[in-house]
Protein chains: 2
Amino acid sequence: MNGDAQITGFYFQGDVIDLNISNHAKQNYGAVALETATVCKIPLAEFDEMAEQYPALSNAFLKLMSREIILKQRMMLVMSKMTAEQKVANFLVHLSTENKLRGYSPVIFNLSMTRTDVANYLGLAMETVSRIFKVFQNKGMISVERRQVSIEDFEKLESLLQDDDTKASINASTISQK
Amino acid sequence: MNGDAQITGFYFQGDVIDLNISNHAKQNYGAVALETATVCKIPLAEFDEMAEQYPALSNAFLKLMSREIILKQRMMLVMSKMTAEQKVANFLVHLSTENKLRGYSPVIFNLSMTRTDVANYLGLAMETVSRIFKVFQNKGMISVERRQVSIEDFEKLESLLQDDDTKASINASTISQK
DNA sequence: CGAGATTTTGAAATGAATCAAGCTGGGTGG
DNA sequence: CCACCCAGCTTGATTCATTTCAAAATCTCG
C-alpha cells in the first residue's frame, strides 16, 4: 500500500468505487482490495450506449453520484471542522452504521485496514489514531484488540460529534455580475 | 450569512450549484449570492421527464457531477493534507485560474467575500487567513488591499503547493468477503 | 460624524505532529 | 518447536502550527 497518497474513501460490497465518467480526470487513481473483491468496469463508450437505451441507468448513476457528492461534502466538513477525537468517533459511528445497513453486526467488526490507513484517511498521524482509540477504550466507549473493534457505547460516541453545530452546510454562490 | 456552518464551495457564473438529485439529502443547504445572481431551479419530476426525452441532458449532468466529485475530492485533500499557507495559496491559484478561464483577469480580481468566509471555507481561523495574506504580500507574491487581490508572482504561489506529493490519490476499497 | 462591521496585530494557550524508543504477535526458516 | 524477525502498534517527550483571546485600527455608509 506504500506511501503518502491521500486515501479518499473506503468502499464496501456493492459500492461503485470510481465514478470518473468525464475526461476531466487527469488524476492518478488506484484501488486496493483489502479483502476479497470482485470489480466490474464499464468502458465509457459502452456506458453511453447503454444509457441511451435505458434511461433508468443514467438515472441510477445520477443518484449514486449525488450520494457520493454528499458524502464527500460531509467529509470536507469532517476534515476541516472536527477535532481528532471527533474524526475518529465519526469514523467509527459511520462504520458501525454502514455495517448495520449491510446486515452485519454494528457492534463488533473488523477494521480490515491498518492504523496508518485510517490515519491517512482522516488526515491524522498514526500515533494520534492509536492514542484516541485508547482514550475511547478507557472511557468505556469501545474496546479495540488489534483490528477487532467493538462498540460499547454508541450513543456516547455519537454525542461527541454533535456538540457544536456540525450539521448545517451552506453553498455560498459567487456569480459574476450580470 | 451568519454563523458557523460549513461553506462547501464558491461558485461562478454558469456553475451548477446544487446537484442534489436524490432524496438521500436531508441536509440543510443554502446559497447566498455575493453578487447579482440569476438562478434556475428544476423540479426533480420535471428533470426526470426531460432526461427521458433528451439522453444528452442526463449525460451532461453526469459530467457535471463527475467534475464536482473530483473537485470535492481535491478539496478533501486540501483540507486534510495542506498547511494553512498551502490552503490559502491553493485558494488564490484556483481563483486566478478560474478567472482566466472565464475571460477575466487572472492577475487582479475581487474576493467578493469576507475573510471570515474564506477562513470558513478553508477550515482556518479568520486571523490566520489575514496573517497569511500579509506573509504572501511581504514575500512579494501578491498584494492585497481589503478585498482587492492582485497576483504578483503566480509561479511562486503555485510552487508552495507542490513540495510534497500533493497530487496522487488512492481509493482503498474494502469489499466484504465473497 | 458616529456605529457597527471587518480586518489587523500581538501574546498566550493548545491540539496534534514529530521524533524516538520499546512492545507485540504472527509468520518463517532452521 | 523454538528463535528470530518484522510490520504494525503503542507510548512518552518535545516541538510546532494554528487557534484563541484580546485589543486596536480601519473601513462603510446612513
Side-chain angles (χ1 to χ4, degrees), chain A residues 1-4 6-7 32 34-35 78-92 110-139 142-149 160-161 163-166 172, chain B residues 1-4 6-7 32 34-35 77-92 110-139 142-149 160-161 163-166 172 174:
Chain A
M1 169 134 313
N2 78 40
D4 359 51
Q6 163 75 354
I7 294 177
V32 179
L34 301 177
E35 300 180 27
V78 171
M79 293 318 223
S80 66
K81 295 287 196 307
M82 287 187 181
T83 66
E85 289 205 354
Q86 288 181 313
K87 286 180 180 179
V88 176
N90 178 69
F91 178 69
L92 291 172
N110 219 322
L111 285 186
S112 69
M113 57 196 97
T114 67
R115 297 276 185 282
T116 307
D117 288 338
V118 176
N120 179 317
Y121 177 56
L122 296 175
L124 296 173
M126 181 209 356
E127 295 94 324
T128 305
V129 173
S130 184
R131 277 186 250 268
I132 290 178
F133 275 171
K134 176 139 255 221
V135 170
F136 286 175
Q137 189 157 42
N138 289 341
K139 288 188 181 167
I142 63 175
S143 92
V144 219
E145 170 73 35
R146 228 145 195 319
R147 300 193 187 169
Q148 204 73 23
V149 178
L160 287 184
L161 305 179
D163 41 22
D164 17 7
D165 37 14
T166 304
Chain B
M1 167 136 314
N2 77 40
D4 357 53
Q6 163 77 354
I7 293 177
V32 179
L34 302 177
E35 302 181 25
L77 200 160
V78 170
M79 293 319 226
S80 66
K81 295 287 196 303
M82 287 187 180
T83 66
E85 288 205 354
Q86 287 181 312
K87 286 180 181 180
V88 175
N90 177 69
F91 177 69
L92 291 172
N110 218 322
L111 286 184
S112 70
M113 58 196 98
T114 66
R115 297 276 184 285
T116 308
D117 288 338
V118 176
N120 179 318
Y121 178 54
L122 296 175
L124 296 173
M126 180 207 0
E127 295 94 324
T128 306
V129 173
S130 184
R131 278 185 250 268
I132 290 178
F133 274 171
K134 175 138 253 221
V135 170
F136 286 174
Q137 188 157 40
N138 290 340
K139 287 187 182 167
I142 63 174
S143 92
V144 220
E145 169 74 34
R146 221 134 200 343
R147 300 193 187 168
Q148 205 70 25
V149 178
L160 287 185
L161 304 179
D163 41 21
D164 18 4
D165 38 15
T166 305
T174 305

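Residue numbering restarts at 1 for every chain, and letters A, B, ... go by the order of the sequence lines. Remember, predicted model here, so these are calculated numbers, not experimental data.
Per the geometry, CZ belonging to A:Phe136 stands 14 Å off P belonging to D:dT10, to the nearest Å. Between the CZ atom of B:Arg147 and the P atom of C:dA5 there is a distance of 14 Å, given to the nearest Å. Atom CG in A:Leu124 sits roughly 15 Å away from atom P in D:dC9 (whole-Å rounding). Between the C1' atom of C:dG15 and the CE atom of A:Met79 lies a distance of 17 Å, rounded to the nearest Å. In this structure, A:Gln148 atom CD and D:dC9 atom P are separated by 13 Å, rounded to whole Å. For the pair B:Ile132 CD1 and C:dT8 P, the computed distance is 12 Å after rounding to whole Å. A straight line from CZ of B:Arg115 to P of D:dA25 spans 19 Å, rounded to a whole angstrom. Taking atom CE of B:Met113 as the reference point, atom C1' of C:dT6 lies 15 Å away to the nearest angstrom.
With contacts defined as side-chain heavy-atom distances shorter than 4.5 Å, the pair A:Tyr121/A:Met113 does not qualify. By the 4.5 Å heavy-atom criterion applied to side chains, A:Met126 and A:Val118 are not counted as neighbours. Looking only at side-chain heavy atoms (C-beta outward), A:Leu124 and A:Val88 come within less than 4.5 Å of each other. Side-chain contact between B:Phe136 and B:Leu92 is present, with at least one heavy-atom pair separated by less than 4.5 Å.
The main-chain N or O of B:Asn120 is found under 3.5 Å from a side-chain atom of A:Lys81 such that the two form a donor-acceptor pair.
One N or O donor and one acceptor, one from the side chain of B:Arg131 and one from the base of C:dG10, sit under 3.5 Å apart. Counting atom types as modelled, A:Glu127 pairs a side-chain N or O with a base atom of C:dC19 as donor and acceptor under 3.5 Å.
Summary of the strand contacts: A:Met126 and A:Arg146 both lie near DNA chain C, and taking for each the nucleotide with the nearest heavy atom, the more 5' one is attributed to A:Met126.
Listed pair B:Lys134 / C:dT8 fails the phosphate criterion, with no side-chain N or O lying under 4.0 Å from OP1 or OP2. Between C:dT6 and B:Thr114, no contact under 4.0 Å exists linking OP1 or OP2 to a side-chain N or O. OP1 or OP2 of C:dA17 sits under 4.0 Å from a side-chain N or O of A:Thr128.
Distances from the side chain of B:Ala125 to the nucleotides D:dC27, D:dT20, C:dT7 place D:dT20 closest.
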